[in-house]
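What follows is a set of notes on a single structure, which appears directly below.
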Protein chains: 2
Amino acid sequence: MVRSQAGETLTIGKLAAAAGVGVETVRFYQRNGLLAVPSRRSGIRHYGESELRRLRFIKQAQAASFTLAEIAELLELDAGEDREGARTLAKSRIEASNKKIAELERARDSLKRLARQCGEGSTGPCPILSAFEAKKPRT
Amino acid sequence: MVRSQAGETLTIGKLAAAAGVGVETVRFYQRNGLLAVPSRRSGIRHYGESELRRLRFIKQAQAASFTLAEIAELLELDAGEDREGARTLAKSRIEASNKKIAELERARDSLKRLARQCGEGSTGPCPILSAFEAKKPRT
DNA sequence: GTAAGGTCCGTACTATGGTACGGAGTCAAG
DNA sequence: CTTGACTCCGTACCATAGTACGGACCTTAC
């Protein structure tokens with residue numbers, strides 16, 4: 001039964017290439033339950049749109065600083081249609097993202113200070129360590 | 001012999017506690033050249049303000065997404081008073097920080113969308129995967 | 001003067017996120 | 001119907017950033 005347009009049957013190599021990861025990475029995700037291992041019609045497994053979407057999702061989520069464990073959790077919530085759980089997880093992640101963003105902004109400002117103090121002509125101290133002592137406790 | 005204000009002689013345990021890290025972490029940093037190993041007057045090594053500052057710096061820089069290798073580099077630049085190098089490194093890190101921040105913001109917005117779509121009453125699909133397909137190609 | 005607790009040091013182990021390797025099977029082209 | 005590329009699978013290995021362990025030594029208090 002040739003169900004569905006065969007246009008969607010990728011081998012693991014094609015799938016990996018399409019998602020911009022390595023074959024080994026796909027296999028790694030399979031081992032870790034992030035990606036289903038499709039059954040095979042013969043010796044070789046075939047993948048479709050959904051796996052590709054999933055892979056891309058994983059990449060996006062990683063870029064968002066999710067760990068693979070968290071991503072797995074998200075995917076499970078999705079599979080289980082657990083709206084409640086998904087919302088909760090999303091909210092806690094939003095919190096975490098905000099924290100991380102604030103942290104990075106603070107750090108970036110320290111770096112800016114550093115770059116300025118070590119500026120072109122100047123001959124002052126350029127104190128890398130103290131550049132990070134950001135908020136002097138001017139209690 | 002009580003030489004000098006004994007205020008500044010910390011043992012490794014005190015140092016670690018003061019910086020909010022574990023003793024093993026201090027030793028790990030020493031092994032990796034991030035922290036000098038002070039000579040010892042007797043069997044036990046003693047630490048002062050500068051080591052504490054350095055440790056705190058490392059923590060700050062880590063929060064700023066520097067790797068330990070990069071932090072080591074920064075510390076060397078500091079020691080060598082290499083203004084040029086420090087400025088360059090700082091600038092490249094500022095770039096990286098901006099990128100990371102933007103990435104996190106995008107992710108956070110995806111999460112917000114997700115939380116909203118999975119909102120209280122609705123019974124639709126709550127599509128976690130598509131929540132991350134951020135920029136819908138509304139070509 | 002001894003017992004508790006801290007330090008010293010090397011080595012080993014952990015978790016995370018892959019990456020590499022080797023042998024066997026499979027598939028498509030020529 | 002063979003060759004070469006690709007797949008399958010297990011196992012091993014890598015870097016990063018620690019954490020844990022065990023025996024020896026030191027220090028301090030009682």
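Convention: sequence-line order gives letters A, B, ...; per-chain numbering from 1. All values reported here derive from a predicted model rather than from experimental measurement.
- Between A:Tyr29 and the phosphate of C:dG17, there is no side-chain N or O to OP1/OP2 separation shorter than 4.0 Å.
- Taking 4.0 angstrom as the limit, B:Arg40 places a side-chain polar atom (N or O) nearer than this to OP1 or OP2 of C:dC9.
- Residue-to-nucleotide proximity on DNA chain D shows that, of B:Gly22 and A:Val23, the 5′-proximal contact is made by A:Val23.
- Distance CZ (A:Phe66) to C1' (C:dG17): 17 Å, rounded to an integer number of Å.
- A:Arg45 places none of its side-chain heavy atoms less than 4.5 Å from the side chain of A:Leu15.
- Residue B:Leu68 has its side chain nearest to D:dG18 when only D:dG18, C:dC8, D:dC8 are considered.
- Summarising the geometry, the separation between NE2 on A:His46 and P on D:dT7 is reported as 10 Å, rounded to the nearest angstrom.
- Each of B:Gly43 and A:Ile44 was matched to the nucleotide of DNA chain D holding its nearest heavy atom; the match closer to the 5' end belongs to A:Ile44.
- Contact check, B:Gln30 against C:dC9: no side-chain N or O comes under 4.0 Å of OP1 or OP2.
- Between A:Thr25 and C:dG17 there is no side-chain N or O to OP1 or OP2 distance below 4.0 Å.
- Checking C:dC8, D:dG18, D:dC9 against the side-chain heavy atoms of B:Arg45 singles out C:dC8 as nearest.
- Residue B:Ile94 holds its CD1 atom at 8.0 Å from NZ of B:Lys91, rounded to the nearest 0.5 Å.
- Among the nucleotides D:dC8, D:dA17, C:dG17, the one closest to the side chain of A:Phe28 is C:dG17.
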Starting from the C-alpha separation in whole Å, work towards a yes-or-no answer on salt bridge (charged side-chain N to carboxylate O under 4.0 Å, His left out) for A:Lys100 and A:Glu103. CA-CA 5 Å; A:Lys100 192 91 194 153; A:Glu103 209 161 64; 3.7 Å; yes

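- Considering only side-chain N and O atoms, B:Thr11 lies under 4.0 angstrom from the phosphate OP1 or OP2 of C:dT7.
- Atom C1' of nucleotide C:dG18 and atom CG of A:Leu55 are separated by 14 Å, given to the nearest angstrom.
- For A:Arg27 and D:dC6, the CZ to P distance is 16 Å, given to the nearest whole Å.
- Between the NZ atom of A:Lys14 and the P atom of D:dA5 there is a distance of 15 Å, rounded to whole Å.
- A:Leu52 places a side-chain heavy atom less than 4.5 Å from the side chain of A:Glu49.
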Show me the protein contacts with nucleotides 11-15 of chain C, counting only N or O atoms at under 3.5 Å.
none

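- Neither side chain, B:Arg53 nor B:Ser50, offers a donor N or O lying under 3.5 Å from an acceptor on the other.
- In terms of heavy-atom proximity, B:Val23 sits nearest to B:Gly13 at CG2-CA, 3.8 Å.
- Distance, B:Glu51 CD to C:dT7 P: 15 Å, rounded to whole Å.
- Judged by distance alone, with hydrogens and angles left aside, the side-chain atoms of B:Arg56 form no donor-acceptor pair with the main-chain N or O of B:Gly20 at under 3.5 Å.
- Rounded to whole angstrom, the span from the NZ atom of A:Lys59 across to the C1' atom of C:dG17 amounts to 14 Å.
- Between B:Ile58 atom CD1 and D:dT16 atom P the separation is 16 Å, expressed in whole Å.
- Here the side chains of B:Val21 and B:Phe28 are not in contact, with every heavy-atom distance at 4.5 Å or above.
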